[in-house]
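Computed from a predicted structure; not experimentally measured. Below, chain A is the first sequence line, B the second, and so on; all start at residue 1.
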Amino acid sequence: MKPLPLNLDAYQLMHDGTLALADIEAAGIRVDVEYLKRSMGKLTEQLDEAERVIWKTGEAREWKSLYKKKTNTDSTTQLSAVLFKRLGYKPTKATRKGNAAVDDEVLRKIGTPFTTAILAKRKLTKVRDTYLTGLLREQVDGVIHPSFNLHLVQTYRSSSDGPNFQNVPVRDPEQGGVIRQAIIPHTPQDQLCEIDYSGAEVRVAACYHKDPAMITYIEDPTKDLHRDMACECYLLKQEQVTKPIRHAVKGGFVFAEFYGSYYENVGPSLWAAANDLPLGLNDNLMPLRDWLIRRGLRTENQFTDHIAAVETRFWDDRFPIYAKWKKQWHKAYLARGYFDTLTGFRCQGPMRRNECINYPVQGSAFHCLLWSLIQLHRWLTANEMNSTIIGQIHDSLILNLAPGEATAVLTKARKIMCHDIRRHWPWIIVPLDIEAEIAPPGKSWNDMESIK
DNA sequence: TCGTTCACGC
DNA sequence: GACGTACGTGAACGAA
């Protein structure tokens, strides 16, 4: 789908966005080349060790006897055959073409020293061969210049490549740490800074469906949807919802439902998650799974039936206007063959129901970030600031702050991102908010701390 | 060269 | 009542 702006304003967003991103790409991002080279060596040692661990297991010897000289511990085809044909494990995932899946979830479920070692090796390989190698390949005089594309993505989001700056590990601190330590400011006096829109997609979705209950959740800081749904999903009181439990329900229920998943998928994954989540009950601690069993939800099936009921209440009782919007929006698309986004772009061509509902939200949320990026970039340039925007990740800006400019830049960024944008786009009917993180002078992307 | 599988991000 | 998680980039394997 090529960008199809419907009005001058929408065209101008792409035009100005392209110019701003071109400046950002040209300036680039500094990486610590010496650190990268050292880390490559260290990773290679760790990989050799991981390989040795694999070869200590009986499964590996079985593998060797099956494939002889062709044995390759990176081959998923071979691994699948060894586990499911030779060793008699039963696949836990529906087989697509050819071989049964041997991905992270499957191998973790098997949980032997052998599969654990394979997973450890995969993680290390990913860090070395995708990220560190990519940074070293793309750097010129210690600076990388990732592309930020506006012309490739179906939803009118951006993408990034050469290297991709939008998928650097962050959730796994082991992986993220190794790579993010390589990303540093342009001078030892400068500071890296990241400014995120909070809940960008949820807020933009509310601008489409206008569900009053959702708007209340957004406007009232004492309300917390993820916490409330954790209470319902896991039969808890508010005080029992810990951070990890809230996080699991946020991804496993709330966002899954927003993206169009349903109880048959959501139930089993929340049931599995309950196995690993501890429930702090004042003096005694038990796994959340045991709590559910004690409350009468004894099996995955019983739990999934319960989630089916939670889901019905979620859409029919809690957010009926949102539910109605989804139905209407899809119906209108089926009748016309296209739909238009709030930012003035037309999406047409064959789309499934979930795509049709998710594209406009995803695209418009990114356009909020892009509009803000353009304004901030112009302001920094016009005022001859030494601070620059160096990247963008869908709903966040990454900056290289020059000494003495942090406060002025952050103040201006907040004004643009939360206030000016609402004058430019009156369709934004909910408040927007940001969160910022900053690293000490000269420190890396791994050293960011929240501010304010 | 290309489709598949896997894994990282939002 | 049935249906069904969105969007990317990139590495490696393995068949063509």
Pairwise C1' distance, C:dT5 and B:dC10 [rounded to whole Å]: 14 Å
Atom pair distance, as rounded to whole Å: CD1 in A:I118 and C1' in C:dA12: 14 Å
Phosphate-side-chain proximity, A:T130 and C:dG10, N/O vs OP1/OP2 below 4.0 Å: no
Sugar-phosphate, base or nothing in reach of A:S160, heavy atoms under 4.0 Å: sugar-phosphate
Separation of atom CG in A:L152 from atom P in C:dA6, rounded to whole Å: 20 Å
Check: B:dC8 base within 3.5 Å donor-acceptor of A:R171 side chain: no
No-H, no-angle donor-acceptor pair, A:Q362 side chain to C:dA6 base, under 3.5 Å: yes
Backbone N/O of A:K324 and side chain of A:H209: donor-acceptor pair under 3.5 Å: no
Touch class at under 4.0 angstrom, heavy-atom based, for A:N167 against every strand present: base
Side-chain H-bond candidate by donor/acceptor type, A:Q166 with A:S158, under 3.5 Å: yes
A:R318 NZ/CZ over A:F314 ring centroid, <6.0 Å and within 45° of normal: no
Check: A:Q78 side chain, A:K70 main-chain N or O, donor-acceptor pair, under 3.5 Å: yes
Nearest-nucleotide pick for A:V153, side chain only, options being C:dG14, C:dC7, B:dA7: C:dC7
Side chain of A:N354 - closest among B:dT5, C:dG4, C:dG14: C:dG4
Candidates C:dG14, C:dT5, C:dT9 - which lies nearest the side chain of A:Q78: C:dG14
Donor-acceptor side-chain pairing of A:N400 and A:T388 below 3.5 angstrom: no
Sugar-phosphate, base or nothing in reach of A:R128, heavy atoms under 4.0 Å: nothing
Proximity to the side chain of A:D129 - top-ranked nucleotide from B:dA7, B:dC10, C:dA11: C:dA11
Sugar-phosphate, base or nothing in reach of A:V361, heavy atoms under 4.0 Å: nothing
Value in whole Å for how far the P atom of B:dT5 lies from CD of A:E105: 16 Å
Spacing between A:K331 atom NZ and C:dC3 atom P, to the nearest angstrom: 22 Å
Closest to the A:P169 side chain, choosing from B:dC8, B:dC6, C:dA12: B:dC8
Counterpart base for C:dA2, defined by Watson-Crick or G-U wobble contacts under 3.5 Å: none
Who pairs with C:dA15 - Watson-Crick or G-U, where each distance is under 3.5 Å: B:dT1
Touch class at under 4.0 angstrom, heavy-atom based, for A:G134 against every strand present: nothing
Out of B:dA7, C:dG8, C:dA6, whichever nucleotide has its closest atom nearest the side chain of A:Q154: C:dG8
Distance below 4.0 Å between A:Y359 side-chain N/O and C:dC7 OP1 or OP2: yes
Given C:dT9, B:dC10, B:dC6, the nucleotide with the shortest approach to the side chain of A:N164: C:dT9
Short side-chain donor-acceptor distance under 3.5 Å, A:E51 and A:T73: yes
Atom-pair distance (NE2 on A:H394; P on B:dC8), nearest Å: 16 Å
Distance test, side-chain N/O of A:S396 to OP1/OP2 of B:dC10, below 4.0 Å: no
Touch class at under 4.0 angstrom, heavy-atom based, for A:R353 against every strand present: base
Touch class at under 4.0 angstrom, heavy-atom based, for A:Q175 against every strand present: sugar-phosphate
Nucleotide of B:dC10, B:dC8, C:dT9 approaching A:S159 most closely (side-chain heavy atoms): C:dT9
Donor + acceptor pair across side chains of A:T304, A:N301 (<3.5 Å): no
A:D74, nearest nucleotide to its side chain (from B:dC8, C:dT9, C:dA12): C:dA12
Residue A:R157, side-chain atoms from C-beta onward, closest of C:dT5, C:dG14, B:dG9: B:dG9
Atom-pair distance (CG on A:L79; C1' on B:dA7), nearest Å: 15 Å
OP1 or OP2 of B:dC8 under 4.0 Å from side-chain N/O of A:K123: yes
Rounded distance in Å - CD (A:E355) to C1' (C:dC3): 14 Å
Touch class at under 4.0 angstrom, heavy-atom based, for A:V266 against every strand present: nothing
For atom OH of A:Y259 and atom C1' of B:dG9, their distance in whole Å: 11 Å
Close aromatic pair by centroid cut-off 6.0 Å: A:H394 and A:Y197: no
